[in-house]
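Heads up: the structure comes next, in structure tokens.
Numbers restart at 1 for each chain; the letters A, B, ... are given by sequence-line order, proteins then strands.
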2 protein chains.
Amino acid sequence: MSKVSKSTKSRILEATECLVAEHGFEAVSLRDITSNAAVNVAAVNYHFGSKEKLFEAIQCRYIEPINEERLRIIAELTAEGRVANVREILEAFMRPFLTVVKRSEMSEKLFFKLMGRCVIDHQGGLPEDMIPGIKKVAETFTSALLAAAPNLTTELTLWRLHFTFGVMAQTLLHGDLLHSLTDGACGDPDAEAQFQEMIDFCQAGFLTQKGAKE
Amino acid sequence: MSKVSKSTKSRILEATECLVAEHGFEAVSLRDITSNAAVNVAAVNYHFGSKEKLFEAIQCRYIEPINEERLRIIAELTAEGRVANVREILEAFMRPFLTVVKRSEMSEKLFFKLMGRCVIDHQGGLPEDMIPGIKKVAETFTSALLAAAPNLTTELTLWRLHFTFGVMAQTLLHGDLLHSLTDGACGDPDAEAQFQEMIDFCQAGFLTQKGAKE
DNA sequence: GTTTGATTTAAACATATGCTTGAATGTCGA
DNA sequence: TCGACATTCAAGCATATGTTTAAATCAAAC
């Protein structure tokens, strides 16, 4: 049921991913999906139960592996009582997007947009099954950062994690815009280079002293 | 037509602002708006021409004053050949949200959410009349930053402005979440304090050297 | 070949959407 | 008071939405 021509179910998943990446969850209708996937309208409800559940499946599909990868890396970094530094922790938070995109069959550009949507469009709450994983990630990274930077309080760490999240979401969703918007003044948006720019920016943000002068 | 009880037109504007702030542009219907404003459905098309044009009016209403304020401040900073520093420039970029909210009749929380929507939800392109203003702001701030920090290239400046935009959007839209999400571990979300945290974070991000170690 | 269950299909359902209409109501100057 | 214009209103229009149904088709086991 999988080799020669793709199953209805996976054709729906793929079409939905593309459409959501380009237009966002709110803007995509069942008919958009089914006509792009070349399947019957009823197929979505047959295979997924409802549009809502299809969207939840889309959200979980990559975010859960990404969260697992994040926890795997940070566990490695802090094994045997070692204390990771801020840069390593930020890398552990962001690099999973780069590794998981390679396992997927999507283009980098589309994959990042989809992840940006997942990370931002949490209207009506996240899928229930994802919440424990997300909480675990938040807690683990908060304490790792607290241990890594003696200048940080819990409150400050939370704020700066929040800002880092904004940097990440913006880059995932609109990382390709910068190239076109500036008539190419911003070079080829190579993912690894973008990634390093993000880390540089956020690392400095985390390490600065409150109210520091330049 | 304005004193005693509010006009139909402004009741529509206010209801739309609240609903959009809470649920986003895509999720708000004409009937949501008109029932909240206690006006007839046809009133929107009578006073604004279409739902689309109403949304454009909402977007322009505060963003245009904010962009004017940004340009006013930066002109002041760079008057008589003076060179502004990075912190001053970032303040010029962000503080207008704080000053314009006071001129409005909205609560801070709702106003910031609305601004977050305006800044992020640019599906289907921004209102045509806003584009020149936005371009002016982008150009002015890019060159000011280039002059302020000798470590920056044009490319790097654009990237970091991009990141700063992400920090700002995230904070506008979800600045209230941090308080509730962490069971109060992040103190009272006072707007001026949040603002200074943002500036600290982004200033450090702008001033860091490429690939700097901690 | 027949039967059983899974899948696909066309058609319809109920509701929601943005927008328009034409009549009613209000406002204000002549 | 009248007339002219602006505004409001209930009702309806055409289309789009998510979902369901019942029949048709397919696949594999017996």
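Each of C:dG18, D:dT8, D:dT19 was ranked by its minimum atom distance to the side chain of B:Tyr46; first place goes to D:dT8. Of the candidate nucleotides D:dT19, D:dA10, C:dC19, D:dA10 has the atom nearest to the side chain of B:Asn40. Of the candidate nucleotides D:dT19, C:dT20, C:dT17, D:dT19 has the atom nearest to the side chain of A:Ser50.
Residue A:Lys6 comes nearest to A:Arg11 through the heavy atom pair O-NH1, 3.2 Å, listed as atom of the first residue, atom of the second, then distance. Closest approach of B:Pro65 and B:Cys60 over heavy atoms only: CD-O, 3.7 Å.
For A:Asp32 and A:Gly49, each mapped to the nucleotide of DNA chain D holding its nearest heavy atom, the one lying further toward the 5' end belongs to A:Asp32.
The pair A:Lys135-A:Glu139 does not count as a salt bridge, with every side-chain nitrogen at least 4.0 angstrom from each carboxylate oxygen.
Atoms CG (A:Leu19) and C1' (D:dT17) sit 16 Å apart, rounded to a whole Å. For the pair B:Arg31 CZ and D:dT17 P, the interatomic distance rounds to 16 Å; values are reported in whole Å. At whole-Å resolution of the value, CG in A:Asn45 and C1' in D:dG18 are 7 Å apart. Remark: P of D:dG18 and CZ of A:Phe48 are 15 Å apart, rounded to the nearest angstrom. B:Glu52 has its CD atom 11 Å from the P atom of C:dG18, to the nearest Å. Taking atom CG on A:Leu30 and atom C1' on D:dT19, their separation rounds to 8 Å, with Å as the unit. For A:Ile33 and D:dT19, the CD1 to C1' distance is 14 Å, given to the nearest whole Å. One interatomic measurement links the two molecules: NE2 of A:His23 to P of D:dT17, which rounds to 13 Å at whole-angstrom precision.
For A:Ser29, no side-chain nitrogen or oxygen approaches OP1 or OP2 of D:dA16 to under 4.0 Å. At the phosphate of D:dA6, neither OP1 nor OP2 sits under 4.0 Å from any side-chain N or O atom of B:His47. OP1 or OP2 of D:dT8 sits under 4.0 Å from a side-chain N or O of B:Thr8.
Applying the ring-ring contact (aromatic ring centres under 6.0 Å, His included) definition to pairs two or more places apart or across chains, those involving residues 88-119 of chain A are A:Tyr62-A:Phe111, A:Phe93-A:Phe141.
Annotation: cation-pi geometry not satisfied between A:Lys9 and A:Tyr46 (NZ/CZ under 6.0 angstrom from ring centroid, within 45° of ring axis).
Among the candidates A:Glu69, A:Glu64, A:Arg70, the single residue satisfying the side chain to side chain donor-acceptor pair (under 3.5 Å) test with A:Asn67 is A:Arg70.
Where DNA chain D pairs in unbroken runs of 3 or more (Watson-Crick or G-U, both distances under 3.5 Å), the stems are C:1-30 with D:1-30.
With a 6.0 Å radius and a threshold of 12 heavy atoms from other residues, nucleotides or ligands, A:Glu128 has its CD atom at or below the threshold.
Residue-level contact check: B:Ala42 touches the bases, meaning some heavy atom is under 4.0 Å from a base atom.
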